[in-house]
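Everything on this sheet refers to the single structure shown next.
Since this is a predicted model, take the numbers as computed values, not measurements. Proteins get letters first, then strands, A, B, ... in listed order; numbering begins at 1 in each.
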There are 2 protein chains.
Amino acid sequence: MGTNDLDTAYFDEQLYVRNVAVDNVIFGYHDRELKVLLQKPKLLDKWTVAGGYILKTESVEEAAHNIAFMRTGLKDLFLEQFKTFGSPTRIKDEWLDIEKVFANAGLNPPTEAWIRDYSVSIAFYTLTEFSLVTVQKASFDEAIEWWPVAQLPKMMFDHALIIEEALKALQRDIYHYPIGYELLPRKFTLPEIHSLYETILGKTLDNRNFTRKLLSTGIIKKLDETRNIGAHRSPFLYKFEKKRYDAALKDGIFLGF
Amino acid sequence: MGTNDLDTAYFDEQLYVRNVAVDNVIFGYHDRELKVLLQKPKLLDKWTVAGGYILKTESVEEAAHNIAFMRTGLKDLFLEQFKTFGSPTRIKDEWLDIEKVFANAGLNPPTEAWIRDYSVSIAFYTLTEFSLVTVQKASFDEAIEWWPVAQLPKMMFDHALIIEEALKALQRDIYHYPIGYELLPRKFTLPEIHSLYETILGKTLDNRNFTRKLLSTGIIKKLDETRNIGAHRSPFLYKFEKKRYDAALKDGIFLGF
DNA sequence: TATATATTCTGTCATTTTGACGAAATAAAT
DNA sequence: ATTTATTTCGTCAAAATGACAGAATATATA
C-alpha cells in the first residue's frame, strides 16, 4: 500500500520496493465534467496525482487498489494500468526545489532518500462513482480535491503528462469496454450517459444514433422509473445488465461513435 | 541498457535502477509463423524473454531499445510498452532453484543480489523484419533462438505469461495500427500480408474481404513488379505508403476483420 | 386554463459497409 | 494442350451508419 505521506516508514527499503512508485489517476464524473482527484502537499504550491509505493509483500495491482482506497474510502474499484513512466529527468530536478522548501521550513529530508533518485512510476487510472467517494486527506496533504481535467492546477513532476496519458487511455478503452458503468450511479438516464460519453471523447455525438448503438449492445436496460428533472419531460432510468456488462468487459465490444 | 549477462556490473546499484527490469518480447514472422526471440541461460533448462536493466542515465524506452538492439543488431525498431508486472512471487521462488544450480556448478551468486528481491518488470513487445535480424548471443547465454509462439519451450519466471500478454496486446493493436509494416519486408504480396494477419489473429479471414478493406485504407500501394512463386500465378508486390502509414500510426484506424 | 419553454424520445431514408459467395486469370509442370 | 495450384477480380443481399425532424412531456407563467 502507500500514502504520499513523508512518513519515515516510507523510506524503509526493507518494506518498500525501491525506485518504483505507483500513481493512480482517479476519475470521477460530476456536473457534466470529468474530474480527477488531486492532492496538494503542505508547503508546496503544486498538485499531485494520488500515489504511493509498493510493499514488498503485495503486487503492483494491490498497491494501486490500496492507493485508491486510501483516497476514496472505496474498495474494488475499476482500475486499469495504462503506462509506466521512467526517465532520469522526470523527478530529479524538481526534488532539488522541494528540498530547498523543506530546508527553509526547518525540516530535514530523509537520509534514505532513494525516493528522489531515479523513479519509475507505474500509472493506473481508476473510475469512481463521484457521489460515493468520501475524500480522505492524508496527514502530509494540505488539500485533496476534485479538479476538472479541462482545467488542471499546476502539477508536480510529470503528473500533467500522466493525466493526459490516462485520459488518452480512457478514450481508447471506452470504445471497447462499457466503462460508463463505473462512472455513473447505479441508475442513470440516457441523456446522462450520452453526456458522459461526449465529455470523455470531447466531441458531440448525435443523441439518436448514440442511444441506438448503445441499446443494440444489450448492455443497458430500461427501468420503469423516471427521474424528475423539474420543468421538463422526465427521462427514464436505465441500469447496466451485469451479465452482459461482464461479458463485454471480458471479450470487448466495439462502440464506433 | 542491459544484457541478461550476469556481469558484475549489473549488480552495481550505482549504475542500474534497483528492482526494475525491462523485458522485451521480440516478434518476427517467418514461414507463416509468428515467432519470438528467446534465450536460454547456461546451466539452466528454461528460456527467457530478452531482458535487461535500466541505467540511471536512460529512460525506460531507451533501455527497451537497447535490449532489442543487443539481441537483433537493429536500431529504431517498432516497440510498444504493454504492461508492467510486479508481485512478490513472480521470481522469488525460482531464484532459489537457480541459486542451487549455481552453487552446484561452483559459482557463487552476487552478493548485491537485489536482482532476486522483489522485481518489477516493464514489458515491451518489439516488431522486427525477421530476415534482417542477426541474432546476437550474449556471453552468459547458451543459446538464443526464434521460437514459434504456438510452441514455446519451458519458460523461466512468468515469461510465458508475459509472452501471452504481449500477443494479446499485439492482437489488440493490429486492429488500430497497420503494424504489418514492421513485420514484413519492404515489398510484400497480398497473400503474404493476408497470412500474417490470419496468423496473428488466429483466425481465417476471407481473402477478398480482407484485401478490400486493407486497400480501402490507402496504406498499401501496388507496385508494377511481381514475385515469382514457381508453378503458380505471380502475385503482385505491394509496399506501405509511408505518409499514410505514419498518419495511421498517429491517429489510429480501425480494421474490423 | 391555455400557452410557452425546455427537454426527452422516437422514426425515416439514402448511403456505406459488411459478409458470404464463385469464377476467371496465370505460371509452371506434365 | 492439359492439369494443378494459386492469385485476383466481382456480385449481391443484409446490416450498419450518418444525417436529419417532429411529436411527447413536465413544469412555469400568463
What do you reckon, is CZ of Arg227(B) surrounded by more than 12 foreign heavy atoms closer than 6.0 Å? yes
Roughly how many Å is it from [atom1] in [X] to [atom2] in [N], rounded to a whole number?
X         : N       : atom1 : atom2 : result
Lys222(B) : dT8(D)  : NZ    : P     : 7 Å
Ile229(B) : dT6(D)  : CD1   : P     : 8 Å
Arg227(A) : dT7(C)  : CZ    : P     : 16 Å
Asn228(B) : dT7(D)  : CG    : P     : 13 Å
Asn207(B) : dA5(D)  : CG    : C1'   : 14 Å
Phe188(A) : dT8(C)  : CZ    : P     : 15 Å
His232(A) : dT8(C)  : NE2   : P     : 8 Å
Leu215(A) : dA16(D) : CG    : C1'   : 15 Å

Start at the 5' end of DNA chain D and walk down; is the nucleotide closest to Pro235(B) or to Ser234(A) reached first? Pro235(B)
Quick check: Phe210(A) with Tyr197(A) (ring centres under 6.0 Å apart)? yes
Establish, yes or no, whether a centroid distance under 6.0 Å links the rings of Phe240(A) and Phe188(A). yes
Which residue pairs satisfy the side-chain hydrogen bond (donor to acceptor under 3.5 Å, both in side chains) criterion with at least one member in residues 230-239 of chain A, sequence neighbours excluded? none
For a quick check, with a 4.0 angstrom heavy-atom cut-off, what is the B/S/- contact string for nucleotides 12-18 of chain C, read 5' to 3'? B-----B
Earlier contact from the 5' end, DNA chain C, for Gly230(B) and Thr211(A): Thr211(A)
Fit a plane to each ring of Phe130(B) and Trp146(B), take the angle between them on a 0 to 90° scale, and name the class: parallel (under 30°), tilted (30 to 60°) or perpendicular (over 60°). tilted
Between the base of dG19(C) and the side chain of Arg208(B), is there a donor and acceptor pair under 3.5 angstrom? no
Is a donor-acceptor pair below 3.5 Å formed from side chain Arg233(B) to base dT7(D), judging by atom type as modelled? yes
Look at the side chain of Pro191(A) and decide which nucleotide, out of dT8(D), dT10(C), dT8(C), has an atom nearest to it. dT8(C)
Going by the salt bridge (charged side-chain N to carboxylate O under 4.0 Å, His left out) test, which pairs reach into residues 196-207 of chain B, not counting sequence neighbours? Asp206(B)-Arg208(B)
Between Glu192(A) and Tyr29(A), is any side-chain donor less than 3.5 angstrom from a side-chain acceptor? no
